[in-house]
Amino acid sequence: MSMTDPIADYLTRIRNAQMAKLETVRCPASKIKLAICGLLLEEGYIQSYSVDDNGGKPEIEVALKYVNGVPAIEEIKRVSRPGLRSYRGKDDLPSNRAGLGTVIMSTNLGLMTDRQARAKGVGGEVICTVF
């Protein structure tokens, strides 16, 4: 079975695992998913992540974060998708919930948050929003 949007699948696995109050979630690994994990860890939305070589097919294991039994990620949504890409210039960068959330963007300098993109003065594709 082919998957048309592996990033949306990854975000959905995280969302479903947190609704089920699971400690960890596993999904197939890729460079962009690892970069998203790095940003989620940097922003404090997950505890940790690791890559396991599962018989030649690497998998990411994400340790989810809960604060007093409540998931740290309240909402995680895919913005740009294969059928409708969403690009923003440096002067039109989005902010999530008046700066309380995080927007993950793909720029020519790599994946970064909206705050990092504003500081560096670059635009790009809006991957997802996290709150």
Side-chain angles (χ1 to χ4, degrees):
M1 182 175 135
S2 67
M3 191 180 314
T4 58
D5 194 0
I7 297 171
D9 175 66
Y10 166 68
L11 299 176
T12 300
R13 286 180 192 225
I14 290 176
R15 187 172 40 250
N16 290 343
Q18 286 209 314
M19 287 190 326
K21 304 274 190 217
L22 299 179
E23 296 288 323
T24 62
V25 63
R26 296 178 72 87
C27 67
S30 70
K31 288 181 184 178
I32 193 163
K33 291 177 193 175
L34 287 172
I36 292 171
C37 281
L39 288 174
L40 290 175
L41 181 65
E42 184 180 302
E43 293 292 317
Y45 289 111
I46 61 174
Q47 284 184 348
S48 65
Y49 68 96
S50 63
V51 180
D52 300 328
D53 188 31
N54 190 8
K57 295 182 180 179
E59 286 188 335
I60 303 171
E61 183 172 1
V62 179
L64 301 173
K65 184 175 181 179
Y66 296 92
V67 179
N68 297 329
V70 178
I73 298 174
E74 187 176 309
E75 178 182 280
I76 187 165
K77 288 184 0 183
R78 178 84 156 116
V79 176
S80 184
R81 50 193 173 89
L84 182 63
R85 299 290 184 182
S86 176
Y87 297 97
R88 296 292 181 97
K90 67 176 185 172
D91 298 325
D92 191 30
L93 293 176
S95 65
N96 188 15
R97 307 240 175 143
L100 295 177
T102 303
V103 177
I104 296 178
M105 302 184 62
S106 175
T107 68
N108 59 348
L109 302 176
L111 249 60
M112 60 181 66
T113 65
D114 57 328
R115 288 183 283 281
Q116 293 168 341
R118 262 189 215 90
K120 293 186 179 184
V122 294
E125 182 180 0
V126 181
I127 300 293
C128 65
T129 60
V130 186
F131 178 72

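Position 1 is the first residue of the sequence; numbering continues from there. These values consider heavy atoms only, across backbone and side chains, with no hydrogens, waters or symmetry-generated copies.
No single ILVMFWY cluster, assembled from side-chain heavy atoms under 4.5 Å apart, contains both L39 and V103. The hydrophobic cluster containing V130 also contains Y10, counting ILVMFWY residues as joined when their side-chain heavy atoms lie under 4.5 angstrom apart, directly or transitively. No chain of hydrophobic side-chain contacts below 4.5 Å, direct or via other Ile, Leu, Val, Met, Phe, Trp or Tyr residues, connects I73 to V126. Hydrophobic cluster membership differs between L22 and I60, with clusters built from Ile, Leu, Val, Met, Phe, Trp and Tyr side chains linked at under 4.5 angstrom. Residues L41 and I104 fall within the same hydrophobic cluster, defined by Ile, Leu, Val, Met, Phe, Trp and Tyr side chains chained together at heavy-atom separations under 4.5 Å.
Shown here are the side chain to side chain contact (heavy atoms under 4.5 Å, CB included) partners of A8, two or more places apart in sequence or in another chain: D5, R78. Applying the side chain to side chain donor-acceptor pair (under 3.5 Å) test to Y45 and every residue at least two apart in sequence or in another chain returns T102. With sequence neighbours excluded, the residues satisfying side chain to side chain contact (heavy atoms under 4.5 Å, CB included) with T107 are M105, L109, M112, V122. Every residue was checked against the side chain to side chain contact (heavy atoms under 4.5 Å, CB included) condition with K31, not counting sequence neighbours, and none meets it. Contacts of E42 classified as side chain to side chain donor-acceptor pair (under 3.5 Å), with partners at least two apart in sequence or in another chain: Q116. Not counting sequence neighbours, the partners of R97 by the side chain to side chain contact (heavy atoms under 4.5 Å, CB included) test are E74, E75, L100, F131.
Nearest heavy-atom pair across C37 and V62 is SG-CG2, 3.9 Å. In terms of heavy atoms, G121 sits closest to K90 at O-CD, 3.4 Å. Shortest non-hydrogen contact noted between Q18 and P71 is OE1-CB, 3.5 Å. When every heavy atom of A35 is checked against every heavy atom of L111, the shortest pair comes out as CB-CD2, 3.7 Å. Across P58 and V51, no two heavy atoms sit closer than the pair CB-CG1, 4.2 Å. Taking every heavy atom of both residues into account, A17 and L64 meet most closely at CB-CD1, 3.6 Å.
Separation of atoms CG (L93) and CZ (R88) is listed at 8.5 Å; rounding is to 0.5 Å. The CD1 atom of I14 sits 8.0 Å away from atom CD1 of I36, with the distance rounded to the nearest 0.5 Å. Interatomic distance, CG of D9 versus OG1 of T4, reported as 9.5 Å (0.5 Å rounding).
For the pair N16 and M19, the minimum side-chain heavy-atom distance is below 4.5 Å. Put simply, the side chain of I7 does not reach to within 4.5 Å of the side chain of C128, judged on heavy atoms.
Sorted by first then second residue, the salt bridge (charged side-chain N to carboxylate O under 4.0 Å, His left out) pairs that include residues 56-69, not counting sequence neighbours, are R26-E59, R26-E61. Sequence neighbours left out, the pairs with a member in residues 106-117 that pass salt bridge (charged side-chain N to carboxylate O under 4.0 Å, His left out) are E43-R115, D114-R118.
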Can you give the donor-acceptor pairs under 3.5 Å from side chains of residues 79-87 to other protein atoms, not counting sequence neighbours?
residue, atom, partner, partner atom, Å
S80, OG, S86, N, 3.0
S80, OG, E125, OE2, 2.6
R85, NH1, E125, OE2, 2.9

